[in-house]
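To start, the structure itself, in structure tokens.
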Amino acid sequence: MLLVKKPIINNLFPTPIYMTNINRTFTKEELKFIKDQKNYCNKNEGNINTKNNYILNRKEFKNINKFLDQCCKDYLNRIICPKNNIKLYITQSWLNYTEENQFHHKHEHPNSVISGVLYFNSDKNNDMIKFFNNTKYKQISPEIDDKKYNIWNSTSWWFPVETGQLVMFPSSTTHQVDIKKGNNTRISLAFNTFYKGTIGSNTSLSELIL
């Protein structure tokens, strides 16, 4: 009887899901501003978000903006590791409010490099963010045993989220929020980013100054 030696399975070209925490309580000014902004929202497919989609420009979010800028710099240096001296800066930003039995539709973030979500009110026992595998090679695939889902055979994967947590990911990554359970209002700040500086090379005719 031939025995298979225990193999090494490498994760090739993984999708980086960056997670950290603001590691402080939100101030009364920040929380009051967040509460007030709920009165100035547009209806989304399954929840609502603020009409102001440059919300981080508000003075009430000055310190939160600084924290997110630091995280963008860390993501750039830790994961992307560019050769040129470029910056990852926040473009649009907005607040999302999701009540019990509401949801956030499946989507990606076009015209953005990295997107992120900071949670102001989230119950880790009920609230999660769900990501989808965007690869197209699985048109021919056996039915998977749902008791044996793993990071290689699954078409989606979810992470519980809690108040103060930040999640950042490539903007092309499809994600959604399933129908919300629990009676808390899930409140999050979402944002997009883009490069500032020079990418590519002048001599290879690929230079792009942003």
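No side-chain N or O of Asn101 forms a donor-acceptor pair with one of Glu99 less than 3.5 Å apart. Under the 3.5 Å distance criterion, with hydrogens and angles disregarded, a donor-acceptor pair is assigned to the side chains of Asp127 and Asn184. For the residue pair Trp152 and Asn11, a side-chain donor N or O sits within less than 3.5 Å of a side-chain acceptor on the partner.
Here the side chains of Gln176 and Phe131 are not in contact, with every heavy-atom distance at 4.5 Å or above. Using a 4.5 Å cut-off on side-chain heavy atoms (C-beta onward), Thr155 and Phe132 make no contact. Using a 4.5 Å heavy-atom threshold, the side chains of Leu208 and Thr198 count as separate. Between Ile187 and Ile34 the shortest side-chain heavy-atom distance falls below 4.5 Å. Two residues are said to be in side-chain contact when any heavy atoms from C-beta on lie closer than 4.5 Å; His104 and Asn44 meet this criterion.
Of all heavy-atom pairs between Tyr75 and Pro170, the closest is OH-CD, 3.7 Å. In this structure, Glu207 and Asn202 approach most closely via the heavy-atom pair OE1-ND2, 3.2 Å. For Lys38 against Tyr97, the heavy-atom pair with the smallest separation is N-OH, 3.3 Å. Considering all non-hydrogen atoms of both residues, Asn21 and Gln165 come closest at ND2-N, 3.7 Å.
Atom CG of residue Asn126 and atom CZ of residue Arg186 lie 10.5 Å apart, to the nearest 0.5 angstrom. Here the straight-line distance linking atom CD1 of Ile151 with atom OG1 of Thr15 works out to 10.5 Å at 0.5 Å rounding. Separating the CG atom in Asn96 from the SG atom in Cys41 is a distance of 8.5 Å, to the nearest 0.5 Å. The line from CZ of Phe169 to CE of Met19 is 10.0 Å long, rounded to the nearest 0.5 Å. Atom CG in Asn49 sits 12.0 Å away from atom CD in Gln37 (nearest 0.5 Å). For the atom pair Phe33 CZ and Glu60 CD, the distance stands at 4.5 Å (nearest 0.5 Å).
At distances below 3.5 Å, not a single donor-acceptor pair connects side-chain atoms of Ser201 with backbone N or O atoms of Ser206. Under the 3.5 Å distance criterion, the side-chain polar atoms of Thr50 are matched with a main-chain donor or acceptor of Leu95. Distance alone, capped at 3.5 Å, places no donor-acceptor pair between the Ser122 side chain and the Thr163 backbone. Under a 3.5 Å cut-off, the side chain of Asn47 and the backbone N or O of Gln102 do not form any donor-acceptor pair. In terms of modelled atom types and a separation under 3.5 Å, the side chain of Asn10 and the main chain of Leu12 share no donor-acceptor contact. Side-chain atoms of Ser93 come within 3.5 Å of backbone N or O of Ile55 as a donor-acceptor pair.
Tracing side-chain contacts under 4.5 Å through hydrophobic residues (I, L, V, M, F, W, Y), one never reaches Trp157 starting from Phe103; they form parts of separate clusters. In terms of hydrophobic clustering, with Ile, Leu, Val, Met, Phe, Trp and Tyr side chains grouped at heavy-atom distances under 4.5 Å, Ile179 and Ile48 are assigned to different clusters. Residue Tyr119 is not grouped with residue Leu31 when hydrophobic side chains (ILVMFWY) are merged at heavy-atom distances under 4.5 angstrom, including chains of intermediate members. Residues Leu76 and Ile79 fall within the same hydrophobic cluster, defined by Ile, Leu, Val, Met, Phe, Trp and Tyr side chains chained together at heavy-atom separations under 4.5 Å. Criterion: ILVMFWY side-chain heavy atoms under 4.5 Å apart, direct or through other members. Under it, Leu88 and Leu189 are part of a common hydrophobic cluster.
More than 12 non-hydrogen atoms from other residues, nucleotides or ligands lie less than 6.0 angstrom from CG of Asn42. Counting heavy-atom neighbours within 6.0 Å of Phe159 CZ, excluding the residue itself, gives a total above 12.
In summary, Arg24 and Glu30 engage in a salt bridge, as defined by a charged side-chain N under 4.0 Å from a carboxylate O.
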*Test side chain to side chain contact (heavy atoms under 4.5 Å, CB included) applied to Tyr149 and Asn153, step by step*: CA-CA 6 Å; Tyr149 277 140; Asn153 67 17; 3.6 Å; yes

*Run the numbers on Ile90 and Asp69 for side chain to side chain contact (heavy atoms under 4.5 Å, CB included), then give the verdict.*
CA-CA 7 Å; Ile90 294 173; Asp69 277 340; 4.0 Å; yes

*asked:* Could you walk me through whether Leu166 and Val117 satisfy the side chain to side chain contact (heavy atoms under 4.5 Å, CB included) test, starting with their C-alpha distance in whole Å, then the side-chain angles of each, then the deciding distance to 0.1 Å, before giving a yes or no?
replied: CA-CA 6 Å; Leu166 170 66; Val117 187; 5.8 Å; no

*side chain to side chain contact (heavy atoms under 4.5 Å, CB included) between Asn65 and Arg58, intermediate numbers included*: CA-CA 9 Å; Asn65 199 7; Arg58 291 291 299 260; over 6 Å; no

Side-chain polar contacts of residues 107-114 - donor-acceptor pairs under 3.5 angstrom, sequence neighbours left out - could you list them?
{"unit_1": "His107", "atom_1": "ND1", "unit_2": "His105", "atom_2": "O", "d": "2.6"}
{"unit_1": "His107", "atom_1": "NE2", "unit_2": "His109", "atom_2": "NE2", "d": "3.3"}
{"unit_1": "His107", "atom_1": "NE2", "unit_2": "His175", "atom_2": "NE2", "d": "3.1"}
{"unit_1": "Glu108", "atom_1": "OE2", "unit_2": "Thr174", "atom_2": "OG1", "d": "2.6"}
{"unit_1": "His109", "atom_1": "ND1", "unit_2": "Ser115", "atom_2": "OG", "d": "3.3"}
{"unit_1": "His109", "atom_1": "ND1", "unit_2": "Asn192", "atom_2": "OD1", "d": "2.7"}
{"unit_1": "His109", "atom_1": "NE2", "unit_2": "His175", "atom_2": "NE2", "d": "3.3"}
{"unit_1": "Ser112", "atom_1": "OG", "unit_2": "Ile114", "atom_2": "O", "d": "3.4"}
{"unit_1": "Ser112", "atom_1": "OG", "unit_2": "Ser171", "atom_2": "OG", "d": "2.8"}
{"unit_1": "Ser112", "atom_1": "OG", "unit_2": "Thr193", "atom_2": "N", "d": "3.1"}
{"unit_1": "Ser112", "atom_1": "OG", "unit_2": "Thr193", "atom_2": "O", "d": "3.2"}

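Here the two rings, on Phe61 and Phe120, have centers that are under 6.0 Å apart.
Residue pairs meeting the ring-ring contact (aromatic ring centres under 6.0 Å, His included) criterion with at least one partner in residues 176-210, sequence neighbours excluded, are absent. Sorted by first and then second residue, the pairs that involve residues 77-89 and meet side-chain hydrogen bond (donor to acceptor under 3.5 Å, both in side chains), not counting sequence neighbours, are Asp74-Arg78.
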